Participant: 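Here you go, one structure.
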Amino acid sequence: MTITTVTSRKLLPTTLAVALAGLLMVSGCTKQADEDTNAATETQTEVANTETADNTEMTAAEKAHIDRLIISYANMAHAAYKDSLDTAKALQTAVETYVATPTQENLDAAKAAYKAARQPYSQTEIFRFDEGFVTANDKRAINSIDSWEGQINAWPLDEALIDYVGDDYEGEYNSQENIINSDSITVGSIKQDTSTITPELLAEMNEIGGSEANVTTGYHAIEFMLWGQDNNGVKEGAGNRPVTDYATEAGQCTSGETVNEDANICERRGEFLTAATQLLVDDLTAMEAQWQPDTENTLRSDLIARKYDNGLRQIMYQMGSLALGELASERMQVAFVTGSTEDEHECFSDLTHLSYANNARGIQNVFNGSYTTVAGKTVGGYGIKDYLTDNGHTEAADKLAAEFNKVEGAFNVIVEKGEKDGIKIDQMIATVGQASQEGISAEEQNVRRGWVEAGITSLQELTASIENAAKAVGIDNLDADAGSQF
């Protein structure tokens, strides 16, 4: 899948290199000739001592194919999380520079670093749906990716809990007191001391009061602190938080259009943003460690230990669940049907088009057995396509490949319109009635909505082919998550 990037922001040289490397997509339909050889060598070194003898129905050839598939998958997971960690560290550096010296140039650099950091992480979401597969192990630092992910990527968030919002904002949390402007806040029956903003506090407060909207951690909290609210509705434009929201000189600190008497609030914003990025780096450090080769009591070692039991089912379930339940349904169809920009995945920065495309790309990576790192290295070597072909299911492999081509084409259009033409997802999902109020004709808006609808439809058709491929290899009830279907 190829993404073309056009940006008008002035980027620092190092940030520009990261951003471009993260945004370039290569077609998953071809592989380097030496991938299979490399994957075979890696397989021999790691799986030799982890085979289980409880599955006597598999032939030696079938086991060899599973070995290669699982190691390729694990290597791609490690590479993608390593890229996510490295780009998060670059984001952290940019954030620290901005907080220390709040200038427009430094804010633009921090936003560019955020954009670059989202590219590899969005591709890791294919690994998320593992809750029902992993083995319980008290010695493992992370129980499952699914349980870990909520502190990293939860959305949508109730921004009024964190900082100031517009007068017309409607959310579950409606108090004038928030983390930034108060030393303590009350959420339901919980009174929370917020006098010192630390990574530990933000982790403790995430989903406080049992509300999933009370998000205080992860990418989207950082996104909100950099961009602020997007008050443009379905019109052009993202959030536009002013640099002066971080000014620490007396008389210059603002909260949007409001000038504060002192700089304490702006200093606390810097503390929040710094703490949130530190927590993100810490969390990604922990996950990257879970996928390092030759480890014990990790998600990687667990997957390898049970590879002949449910490893294949897990991978195909994850493909279908991300494609249908999460991406097509929760992230796209909900916003598409309602025309709600609050349900847009990155509603502050208007980068949703890239998140959508990279989610789809992550599924394609696993199918093709090929992940391209930020540095341009190809990792993997053996995917579901190869597994199907090697086990005599060429027709199913070809059908899936054709469906992935449709998905790729649909999301390339969405990305091109977002990056090149400046038509973002919030403008694409607007209903005809909403768009007409902004001077967009019904004919034009139906074309725009058609781009999103094509993406949804292609994912639905892809999932049907994934389920058929699963049946071909003996998985009769894949039961991929279908999400909230309209």
Side-chain angles (χ1 to χ4, degrees), residues 1-2 21 24-51 58-84 86 120 123-127 130 288 290-295 298-308 311-316 318-319 322 358 360-394 396-398 400-401 404-405 408 466 469 473:
M1 190 181 293
T2 303
L24 289 175
M25 283 192 173
V26 297
S27 173
C29 299
T30 60
K31 297 185 306 211
Q32 294 181 354
D34 61 349
E35 279 184 332
D36 290 347
T37 301
N38 292 339
T41 302
E42 292 170 346
T43 299
Q44 295 302 318
T45 60
E46 191 166 0
V47 304
N49 297 322
T50 58
E51 290 191 14
M58 279 190 179
T59 66
E62 288 171 336
K63 286 186 176 183
H65 299 153
I66 288 289
D67 287 346
R68 296 184 68 187
L69 178 67
I70 294 299
I71 290 298
S72 177
Y73 173 96
N75 287 344
M76 287 190 290
H78 181 235
Y81 283 119
K82 181 66 165 59
D83 275 351
S84 299
D86 289 345
Q123 293 177 68
T124 69
E125 294 199 62
I126 180 61
F127 308 117
D130 63 344
E288 187 270 337
Q290 289 290 311
W291 292 97
Q292 290 179 6
D294 302 316
T295 51
T298 61
L299 291 170
R300 181 182 185 121
S301 67
D302 177 64
L303 177 62
I304 291 173
R306 57 182 171 78
K307 61 185 181 292
Y308 301 139
L312 177 62
R313 175 183 282 273
Q314 175 181 326
I315 293 172
M316 300 193 79
Q318 289 172 318
M319 291 173 67
L322 178 56
N358 279 302
R361 181 188 181 191
I363 309 169
Q364 190 174 30
N365 290 344
V366 171
F367 174 67
N368 287 311
S370 181
Y371 169 74
T372 302
T373 69
V374 170
K377 178 184 177 182
T378 301
V379 177
Y382 196 88
I384 289 293
K385 178 176 66 175
D386 304 295
Y387 180 84
L388 292 170
T389 301
D390 287 348
N391 285 281
H393 304 293
T394 303
D398 290 344
L400 266 176
F404 271 110
N405 285 339
E408 183 175 340
I466 291 171
V473 295

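Just so it is clear, the structure is predicted and the values come from calculations on it, not from any experiment.
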Participant: Taking Q314 for the side chain and G311 for the main chain, is one N or O donor matched with an acceptor at less than 3.5 Å?
Facilitator: no
Participant: Could you check whether any side-chain heavy atom of I466 comes within less than 4.5 Å of a side-chain heavy atom of L400, counting everything from C-beta outward?
Facilitator: yes
Participant: Identify the two heavy atoms, one from D302 and one from R306, that lie closest to each other, and give their separation to 0.1 Å.
Facilitator: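 The answer is OD2-NE, 2.8 Å.
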Participant: Starting at CD1 of I66, measure out to CD1 of I71 and round the result to the nearest 0.5 Å.
Facilitator: 12.0 Å
Participant: What's the spacing between S370 OG and M76 CE if we round to 0.5 Å?
Facilitator: 7.5 Å
Participant: State the CD1-CD1 distance between I363 and I315, to the nearest 0.5 angstrom.
Facilitator: 13.5 Å
Participant: Any donor and acceptor pair, going by atom type alone, linking the side chain of T373 with main-chain N or O of G376 inside 3.5 Å?
Facilitator: yes
Participant: Quick one: pull up CD1 in I384 and CG in N368 and give me the separation to the nearest 0.5 Å.
Facilitator: 11.0 Å
Participant: Would you please name every residue forming a side chain to side chain donor-acceptor pair (under 3.5 Å) with E288, sequence neighbours left out?
Facilitator: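 By the side chain to side chain donor-acceptor pair (under 3.5 Å) rule, E288 matches H78, Q292.
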Participant: We want to know whether D67 and Y382 form a side-chain donor-acceptor pair, criterion being a heavy-atom distance below 3.5 angstrom.
Facilitator: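 Judged by distance alone, the side chains do not pair up.
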Participant: Taking 4.0 angstrom as the limit, do K82 and D86 come out as a salt bridge?
Facilitator: yes
Participant: What closest approach, in Å, do A396 and L388 show between heavy atoms, and which atom pair accounts for it?
Facilitator: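 Closest pair (atom of A396, atom of L388, distance): C-CD1, 4.3 Å.
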Participant: Taking atom CD of E125 and atom CZ of R361, what is their separation to the nearest 0.5 Å?
Facilitator: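 It comes to 14.0 Å.
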Participant: Can you say whether the rings of Y387 and H65 are parallel (under 30°), tilted (30 to 60°) or perpendicular (over 60°)?
Facilitator: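 Judged by the thresholds at 30° and 60°, the geometry between Y387 and H65 is perpendicular.
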Participant: Would you mind reporting whether T298 and W291 have side-chain heavy atoms less than 4.5 Å apart?
Facilitator: no
Participant: Using the ring of each side chain (for Trp, its six-membered ring), is F127 parallel, tilted or perpendicular to Y81, with breaks at 30° and 60°?
Facilitator: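 Geometry flag for Y81 against F127: tilted rings.
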Participant: Measuring only between side-chain heavy atoms, which start at C-beta, is Y73 closer than 4.5 Å to I126?
Facilitator: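 Y73 vs I126: side chains apart.
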Participant: Quick one: does any side-chain atom of S72 pair with a main-chain N or O of L69 as donor and acceptor, under 3.5 Å?
Facilitator: no
Participant: So do L303 and K307 actually touch side chain to side chain, heavy atoms under 4.5 Å?
Facilitator: no
Participant: Does the D386 side chain pair with the main chain of G383, one donor and one acceptor, at a distance under 3.5 Å?
Facilitator: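 Yes; judged by distance alone, with no hydrogens or angles, the pair exists.
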Participant: What verdict does the side-chain contact (heavy atoms from CB on, under 4.5 Å) test give for R300 and I304, after you've listed the backbone C-alpha separation in whole Å, the side-chain angles of each residue and the deciding distance to 0.1 Å?
Facilitator: CA-CA 6 Å; R300 181 182 185 121; I304 291 173; 4.0 Å; yes
Participant: Just checking, is any N or O donor in the side chain of Q123 or N365 under 3.5 Å from an acceptor N or O on the other one?
Facilitator: yes
Participant: Could you give the distance from OG1 (T295) to CD (Q290), rounded to the nearest 0.5 Å?
Facilitator: 7.5 Å
Participant: Establish, from distance only, whether the side-chain atoms of D83 and Y371 form a donor-acceptor pair under 3.5 Å.
Facilitator: yes
Participant: Quick check: do E62 and D390 have side-chain heavy atoms less than 4.5 Å from each other?
Facilitator: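 They are not in side-chain contact.
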Participant: Got Q318 and V366 here, is their nearest side-chain heavy-atom distance under 4.5 Å?
Facilitator: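 No, their side chains stay 4.5 Å or more apart.
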Participant: Which atom pair, heavy atoms only, marks the closest approach of T124 to S84?
Facilitator: CG2-OG, 3.7 Å
